[in-house]
Structure formats: C-alpha cells, structure tokens
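Worth saying up front: this structure is predicted, and the values here are computed from it rather than measured. What you see below is based on every heavy atom in this structure, not just the backbone, and it leaves out hydrogens, waters and symmetry mates. Protein chains get the first letters and strands the later ones, always in sequence-line order, with residue 1 at the start of each.
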Number of protein chains: 2
Amino acid sequence: MDEKVYEAEAEYFKALSHPTRIKIVQYLKGGERCVCEIVPYLKEEQSNVSRHLAALKRVGILSSRKEGVSVYYKVQDENVYKILDLALSSVKRIAREKAAILS
Amino acid sequence: MDEKVYEAEAEYFKALSHPTRIKIVQYLKGGERCVCEIVPYLKEEQSNVSRHLAALKRVGILSSRKEGVSVYYKVQDENVYKILDLALSSVKRIAREKAAILS
DNA sequence: ATACTATATGAACATTTAATCATAAAAAGG
DNA sequence: CCTTTTTATGATTAAATGTTCATATAGTAT
C-alpha cells in the first residue's frame, strides 16, 4: 500500500486519540449540535473545544454549518461509530486479560 | 461512560496514529515475526523500530516472546484489523468526497 | 573469557500537541 | 453606531512524541 495512505490513516487515528474528541463524537451520536451546547456539555474551555472540533473536522469525521452566529457540528463519517465500538471492545478485552494475568 | 475508558480508548488510537506502526501491524498479518525481519522490512533505524514495537505492545495490540537472542512479535488484538480496514475505507471515502467537491 | 549479534534504552534534540488567555470576526439586538 | 453573544484564532507555555546516536544487556559462539 502507498505511504500516503498510511499517513492519512495515521492522521485519522490521531484525530481520535484524545478523550475529549472521543467524547465529542459520542455526544454527536444524538445528532447535530450547536457549539453552544457542546461546550457546556464538556465543561472545558470554549477555545479548547473549538480546536478539538476543528481537529475532527479537518480529517472529515465531522462537518459543520453556520446558522446566524451559531455553528452546528455533526458526524460526517458514520463509520466512526463502528471504529469506536471495536476499539472499545479491544480495550476492554485487553484490560480483562491483563487483570486475569495479575490474578 | 467512564473518563478512564475514554482515556484508554484514546491511548489505543494513539498507538495506531503513526504510519510506521500501522505498517508494522499490517506486516504482522502474515504471522509472528522476528525483530530481525521487521527492521529490514521497514528500512528504519533499529532503535526507532524498537520503540514503535514497544508502543504497540504497551496498549496490548502486539505481544512478544523471546527465543534466544531474538524477539518475536505478533498481533495480540486481532480486532485491530477490522479497525484498520474501517479506518481505511473512511479515509478513502473522505478523500473521494473531497475530490468530488473540488471538481 | 572474548567477541559477536540482537534488541532495548538513556540522553539529547527537534517537532508536535494541548491548554490557556487575550483578542478578532461575524452576526444580532437595542 | 454601540454592545453583546458566539465561535475561531494568534501567542505563549508546558508537556508529549519521534528520531538519532551511543551504549547497555543478554544470549551465542569461538
């Protein structure tokens, strides 16, 4: 496979490699949300949330639209939920096995 | 969901967020491999490859066993291939859509 | 014991990422 | 026009990451 493809795939995973960004994607499972709803939900700095949203949008996981002064974000890549689910099951299984070894 | 779980999931994605590490996982699709095979395959510094392998092992994606002076790595989390495949299809679709918009 | 091979790790450095504060830009309301 | 609200962005700083070189460690062979 092409080096460029590996790089793009790595960028995609990098966008998901922060707990706040995973939380954002999960929150948007409920559908499109205004930044003015996302910020209070996360209880983090507005500027920080704005940058996390930009990171997810940059790789195409999210998209946004402006309505007046508000900006609405939604999941553009529905595939991401399958990926999050699989990663979660991996993480849980790995943790379970690690616990089993220590017992 | 628990904050700890989001953090563990983020760590998992972080392990996949480097082209060399993705290449390693794909290479190990062929089964267990000695570091002495992985390094020449990647054509990167031995010490660097060693650190990438350690990063993948740390989160449980790979495991290793020692045989004499050699160390063999293999994929411990077979789930990772489903995740890589899904991410690849997302990345391709996103690229296709981006190209379509520009045309 | 010495020398050689395979792998991991410490130290150093450059780059990237995350967080915060302050401010800019755009829209809306008075 | 001035003010307020919402979101994005520049600047700064701290921390994490990736790379390289040199070296340590462990196993094997002579």
Side-chain angles (χ1 to χ4, degrees), chain A residues 3-4 6-25 27-28 31-76, chain B residues 3-4 6-28 32-76:
Chain A
E3 176 68 24
K4 289 285 175 195
Y6 285 119
E7 281 171 20
E9 205 174 356
E11 285 301 305
Y12 182 92
F13 286 125
K14 193 170 289 185
L16 293 176
S17 71
H18 193 290
T20 300
R21 292 196 290 268
I22 297 177
K23 247 181 266 181
I24 289 170
V25 175
Y27 182 58
L28 293 178
E32 189 185 58
R33 295 283 184 182
C34 176
V35 174
C36 64
E37 299 172 284
I38 301 171
V39 169
Y41 169 74
L42 294 172
K43 300 193 199 83
E44 293 183 32
E45 281 256 334
Q46 176 269 321
S47 63
N48 200 19
V49 173
S50 179
R51 286 180 214 277
H52 283 309
L53 288 167
L56 287 164
K57 185 181 173 181
R58 197 177 66 80
V59 300
I61 293 175
L62 303 187
S63 64
S64 67
R65 82 186 164 83
K66 201 165 185 177
E67 187 177 315
V69 76
S70 302
V71 178
Y72 290 82
Y73 280 85
K74 72 173 178 191
V75 168
Q76 186 65 31
Chain B
E3 177 68 24
K4 290 284 175 196
Y6 285 119
E7 281 171 20
E9 205 173 358
E11 286 300 305
Y12 183 94
F13 286 125
K14 193 170 288 183
L16 294 176
S17 70
H18 193 290
T20 300
R21 292 196 291 267
I22 297 177
K23 248 181 265 180
I24 289 171
V25 174
Q26 293 292 8
Y27 182 58
L28 294 178
E32 189 186 59
R33 295 284 184 182
C34 175
V35 175
C36 64
E37 300 172 284
I38 301 171
V39 169
Y41 170 73
L42 295 172
K43 300 193 200 83
E44 293 183 30
E45 282 258 334
Q46 176 269 321
S47 63
N48 200 19
V49 172
S50 179
R51 287 180 213 277
H52 284 309
L53 287 166
L56 287 165
K57 184 181 173 181
R58 196 178 65 80
V59 300
I61 293 175
L62 302 187
S63 64
S64 67
R65 81 186 165 83
K66 200 166 185 178
E67 186 177 316
V69 75
S70 302
V71 178
Y72 290 82
Y73 280 86
K74 71 172 178 191
V75 168
Q76 186 65 29

Exercise. Between A/I61 and A/L16, is any pair of side-chain heavy atoms under 4.5 Å apart?
Worked result: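 Answer yes - side chains close enough.
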
Exercise. Do A/L62 and A/I24 have side-chain heavy atoms sitting under 4.5 Å apart?
Worked result: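 Yes. Closest side-chain heavy atoms under 4.5 Å.
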
Exercise. Can you list every salt bridge (charged side-chain N to carboxylate O under 4.0 Å, His left out) pair that touches residues 38-63 of chain A, not counting sequence neighbours?
Worked result: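 Matches after skipping sequence neighbours: A/E11-A/R58.
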
Problem set entry | Residue pairs involving residues 65-75 of chain A (criterion salt bridge (charged side-chain N to carboxylate O under 4.0 Å, His left out); sequence neighbours excluded) |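 Non-adjacent pairs meeting salt bridge (charged side-chain N to carboxylate O under 4.0 Å, His left out): A/E32-A/R65, A/R65-A/E67.
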
Exercise. If an axis is fit to five pairs at each end of the helix from C/dA1-D/dT30 to C/dG30-D/dC1, what is the angle between the two, to the nearest 10°?
Worked result: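 The end axes of the helix from C/dA1-D/dT30 to C/dG30-D/dC1 are about 10° apart, to the nearest 10°.
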
If the condition is side-chain contact (heavy atoms from CB on, under 4.5 Å), which residues does [X] pass it with, not counting sequence neighbours?
X: B/S50; answer: B/Q46
X: A/Y27; answer: A/R33, A/E37, A/I38, A/Y41
X: B/A10; answer: A/P19, A/I22

Problem set entry | Members of residues 8-18 of chain A that approach DNA chain D, where some heavy atom sits under 4.0 Å away |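 Hits under 4.0 Å, by residue number: none.
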
For this session: Taking all heavy atoms of B/A15 and all of B/L56, pick out the closest pair and write down the distance.
Result: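 Taking every non-hydrogen atom into account, O-CD2, 3.6 Å.
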
Exercise. Tell me, which of residues 37-52 of chain B have any heavy atom that sits under 4.0 Å from an atom in DNA chain C?
Worked result: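 Contacting residues: B/Q46, B/S47, B/S50, B/R51.
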
For this session: Scan residues 66-74 of chain B against DNA chain C and write down, sorted by residue number, each residue with any heavy atom closer than 4.0 Å; if none is found, say none.
Result: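 B/V69, B/S70, B/V71, B/Y73, in order of number.
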
Exercise. Which nucleotide of DNA chain D is the first, and which the last, in the 5' to 3' direction, to come under 4.0 Å of a heavy atom belonging to chain A?
Worked result: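 Listed 5' to 3', the contact boundaries are D/dT5 to D/dA11.
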
To the nearest 0.5 Å, tell me how far [X] [atom1] sits from [Y] [atom2].
X: A/E9; Y: B/K23; atom1: CD; atom2: NZ; value: 12.0 Å
X: A/S17; Y: B/Y12; atom1: OG; atom2: OH; value: 13.5 Å
X: A/Y73; Y: A/S63; atom1: OH; atom2: OG; value: 9.5 Å

For this session: Shoot me the first and last contacting nucleotide of DNA chain C against chain B, ordered 5' to 3', at under 4.0 angstrom to non-hydrogen atoms.
Result: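 Listed 5' to 3', the contact boundaries are C/dT5 to C/dA11.
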
Exercise. Which pairs, with at least one residue in residues 46-65 of chain A and sequence neighbours excluded, count as a ring-ring contact (aromatic ring centres under 6.0 Å, His included)?
Worked result: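 Checked against ring-ring contact (aromatic ring centres under 6.0 Å, His included) - neighbours excluded - the pairs reaching residues 46-65 of chain A are A/H18-A/H52.
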
